[in-house]
Engineer: 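Below: one structure in structure tokens.
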Amino acid sequence: MTQTPGPVDRMLAGLRDAGYLADTGTATVVHVATALDKPVLIEGPAGTGKTQLAKSLAIATGKRLIRLQCYEGLDESKAIYEWDYRRQLLQLQLHRTDSAGNLAEAGVFGEEFLLTRPLLEAIRSAEPVVLLIDEVDRLDMESEALLLELLSEYQVSIPELGTVTARHIPQVFLTSNNTRDLSEALKRRCLYLHLGYPSVEREADIIRLHVPEMNEHLAREVASLVAVLRSMDLKKPPSIAESLDWARTLLTLGADALTDELTQQTMSVLLKYERDIHTALTELSLA
Amino acid sequence: MQDLLGAVVDELRSMGVPVSIGEHLDAARALSAVSLQDKELVRATLQCALIKRAEHVAAFNLVFELYTAGRRAEDGGLLAELSDDELAALLRAVIASDEHALRRQVADEYVRRFGGLAPGDAVAGVFTTIAVTEAADLAALRAGLAAAGGEGDGGGGGGGTTGWSRSALLQDRLDRADADRAVDRFQAELQSAVRRALVADRGARAVRATMRAGLAEHADIGTASAAEREEMAAAIAPIARQLTKVLARKSLHRKRRLSIRRTVRRAMGTGGVPFRLVTDPAPPPRPDLVVLADMSGSVATFSKFTLDLLVALDSRLSRLRVFSFVDGLAEITGLVRDARSAGAQLLPADAARDAIRLGGSDYGYVLRDFAAQYAHQLSARSVLLVVGDARTNYLDPAESSFAQIRRRVGQVYWLNPERRRYWDQGDSVMSRYAPYCDQVQECRTLRQIADFVQSLAA
């Protein structure tokens, strides 16, 4: 098994150098997406490293990251492009004297009047980029259609200007917290990656990577306790970022093993709802 | 490899997982990008191209495992020479270790020894799994591991932990969690060993056919197994969120917003002077939802599900009214709200308490009562959702009252938890109510409910 490292191993190593400990499945999907020029749709609970994966890949490959944060009501003019109407109006004022009133003559639909938004920027970029479309499930059903042309053809059609095709095909990541079903049309165009919470072993490794001062034994205990918490019926289970925060907290307090008092006092770093803290402490018989 | 892909796709489709031709082609192309030697890489590659929903991943993994189960050594290899006790000792040694390959061999050996599989038997391996689990004595292993974990930690960590009071309770809990994980992992290993044995005997397709492997989203809510119900409970939250979103369409832009872009475009025709302002179309007003939920015995399991869904709806949704009925009518909006804020469940028995006069559903009485008491509170913005099987116990269905209600409200949807083919059989009068509904929907499965909510959103 110890031949030259395959492309997936190189991907794993690259992501690791960028501070992201992926499992083999994740690295495979990212590798396949790169090889096939397909977008990746990443789904999973909050705080499992969906957004971070795109960021880390950008770091690992040295590409620029362009990010589009989705929200309800996002439209074309905020996601793709908008005409700079102030300049257009000025231009028209200059041409008023001709009184022809013809759009083409006034020349107000040139590229210089275009305000690029993230999606068009990713397409027109001179160097290759990583495009992150974050929380795509927050979009309305109708706005989802904005993305389809971009995702399958890597081009944007502007009625007044024509079609803009990508110079370099961007590496596209879409993330979703699965608050609603995305349309089949969108899913068909993407590869799918489900990111769940990491196994105890991997989470311990993640903690050791980001908090290297922590000893191995404590890192494992932290990961193990966080896993126990996640198996409880909580409103908001702790995310990876929160378990890292907790690990740092413990380190600051100079702990080298988990104790009752310490866990009890620092539980608020992991859990953000009073009810959750109460549930957790009761179940761990600390309350 | 393409044969494997074709077989997996066929099998997935027959299980109800939709795989488009495009996705099939993507998978084929994707395979050329990875090394085919490594099974895990192939699995991840096929999964990301073929499967687009988290709920389908388990089904895919099962199919992939069946179709890639290799031949196993018939004689059991070296492990066959161990005595039963030695095998048990080996299991204790590897269960919590990183020796994946060895653990797998041990699982295979357990199945070979204790599985009692006869060649050619058309079985799904349920009894084999039970027998093997018993032989491996997982309960004792679990206890043993938890105890051993405590000792190991006490010895290992004892040196450096002076000054910190080691908590017995917390440590116990962590050890137990570790033990549980190790045992669960081995149990899964045993199950796949059983499947490997079956596949080696009869081939993947035959094994899949004998397994009652379906998707939880297609399972009948009324007759679902405990495991399926658990999976459904997890799926309720997204559906509830979406339903909330559909109904709570924010009145954020109730005023029509000026569309600068379109105004400018129009102004082009008049030399840049905006003679007319153009606004974006106003969003439709948000509806009030009125739910009439049947709590009678004939749909008991389903009403539990309905209540869970209603309780899970977001508290933002102020314009929701819920009525339960059997042969009487009771408003339970308050009960639903209380259960929601307490984070508790609302049981059908509680919801139905004030809705029962004699027992046995009576749609006619309920509809007459509803029309008389509440019809005047309904408006064209109201959406009426009736959840029930339309079984009236041969009593008068009172369509005229339903028609009267229909005239007051904007839309009427009827969700029937019964299979369509049983409608209008016996005392079901679905077709007499159907003309007054915008949509009558069979809602036996999660998928059907999710599709219904989706259709509301569109």
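Chain identifiers are assigned alphabetically (A, B, ...) following the order of the sequence lines, protein sequences preceding nucleic acid strands; residue numbering begins at 1 within each chain. Computation of the quantities below employed the complete heavy-atom set of this structure, encompassing side-chain atoms and omitting hydrogens, waters and symmetry-equivalent molecules.
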Engineer: Flag the one option from A/Leu193, A/Asn215, A/Asn177, A/Val200 with the top tally of heavy-atom pairs under 4.5 Å to chain B.
Structural biologist: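 Sorted descending by pairs with chain B, the first entry is A/Val200.
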Engineer: So, B/Lys52 side chain and A/Leu186 main chain: donor-acceptor pair closer than 3.5 Å or not?
Structural biologist: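 Not confirmed, B/Lys52 side chain does not pair with A/Leu186 backbone.
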Engineer: Chain B heavy atoms under 4.5 Å from A/Ala27: which part of the residue, side chain, backbone, both or neither?
Structural biologist: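 For A/Ala27, no heavy atom lies under 4.5 Å from chain B.
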Engineer: Let me confirm one number: the OG1-CG distance from A/Thr28 to B/Asp38, rounded to the nearest 0.5 Å.
Structural biologist: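 If I round to the nearest 0.5 Å, the distance is 7.5 Å.
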Engineer: When rounded to the nearest 0.5 angstrom, what is the spacing between CD in B/Glu40 and CG in A/Asp23?
Structural biologist: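 Separation between the atoms: 8.0 Å.
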Engineer: Tell me, which pairs form a salt bridge (charged side-chain N to carboxylate O under 4.0 Å, His left out) where one or both residues lie in residues 182-191 of chain A, sequence neighbours left out?
Structural biologist: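 Of all non-adjacent pairs touching residues 182-191 of chain A, those that pass salt bridge (charged side-chain N to carboxylate O under 4.0 Å, His left out) are A/Glu184-B/Arg53.
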Engineer: To check you understand the geometry: which heavy-atom pair defines the closest contact between B/Ala30 and A/Val32, and what is its length?
Structural biologist: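 Looking at all heavy atoms of both residues, the shortest contact is CB-CG1, 3.5 Å.
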Engineer: Dump the intermediate steps for side-chain contact (heavy atoms from CB on, under 4.5 Å) on A/Leu258 and B/Leu174, then the final yes or no.
Structural biologist: CA-CA 10 Å; A/Leu258 281 184; B/Leu174 291 186; 4.1 Å; yes
Engineer: Contact part of A/Ser199 toward chain B, heavy-atom cut-off under 4.5 Å: side chain, backbone, both or neither?
Structural biologist: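 Interface part for A/Ser199: neither.
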Engineer: Can you tell me which portion of A/Val40 sits under 4.5 Å from chain B's heavy atoms? Options are side chain, backbone, both or neither.
Structural biologist: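 For A/Val40, no heavy atom lies under 4.5 Å from chain B.
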Engineer: Looking only at heavy atoms, which two atoms of A/Leu36 and B/Asp26 are closest? And how far apart?
Structural biologist: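 Closest approach of A/Leu36 to B/Asp26: CD2-O, 3.8 Å.
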Engineer: What do you reckon, is CZ of A/Arg86 surrounded by more than 12 foreign heavy atoms closer than 6.0 Å?
Structural biologist: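 No, the 6.0 Å shell around CZ holds no more than 12 heavy atoms from other groups.
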Engineer: So which atom in B/Ala33 and which in A/Pro7 form the shortest heavy-atom distance, rounded to 0.1 Å?
Structural biologist: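 Smallest heavy-atom distance, with atoms named: O-CG, 4.4 Å.
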Engineer: Under 4.5 Å from any heavy atom of chain A, what part of B/Ser20 do you find: side chain, backbone, both or neither?
Structural biologist: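 The answer is the side chain of B/Ser20.
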Engineer: Examine whether an atom of A/Lys235 lies under 4.5 Å from a heavy atom of chain B, and if so say whether it belongs to the side chain, the backbone or both; otherwise answer neither.
Structural biologist: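 Neither part; nothing is under 4.5 Å.
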Engineer: Can you establish whether the number of heavy atoms outside A/Glu216 located under 6.0 Å from its atom CD is more than 12?
Structural biologist: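 Counting other residues, nucleotides and ligands, CD of A/Glu216 stays at 12 neighbours or fewer.
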Engineer: Does atom CZ (A/Arg138) have a neighbourhood of more than 12 heavy atoms from anything else shown, all under 6.0 Å?
Structural biologist: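 Atom CZ in A/Arg138 is not crowded, with 12 or fewer foreign heavy atoms closer than 6.0 Å.
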Engineer: If I take atom CD1 from residue B/Ile51 and atom CG from residue A/Leu191, how far apart are they, to the nearest 0.5 angstrom?
Structural biologist: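 B/Ile51 atom CD1 to A/Leu191 atom CG measures 12.5 Å (nearest 0.5 Å).
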Engineer: Counting only heavy atoms not in A/Tyr273, do more than 12 sit closer than 6.0 Å to its OH atom?
Structural biologist: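 Not buried by this count: 12 neighbours or fewer within 6.0 Å.
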Engineer: Can you check whether anything in residues 176-186 of chain B gets within less than 4.5 Å of chain A, heavy-atom wise, and list it by number?
Structural biologist: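 Residues in range: B/Ala177, B/Asp178, B/Arg181.
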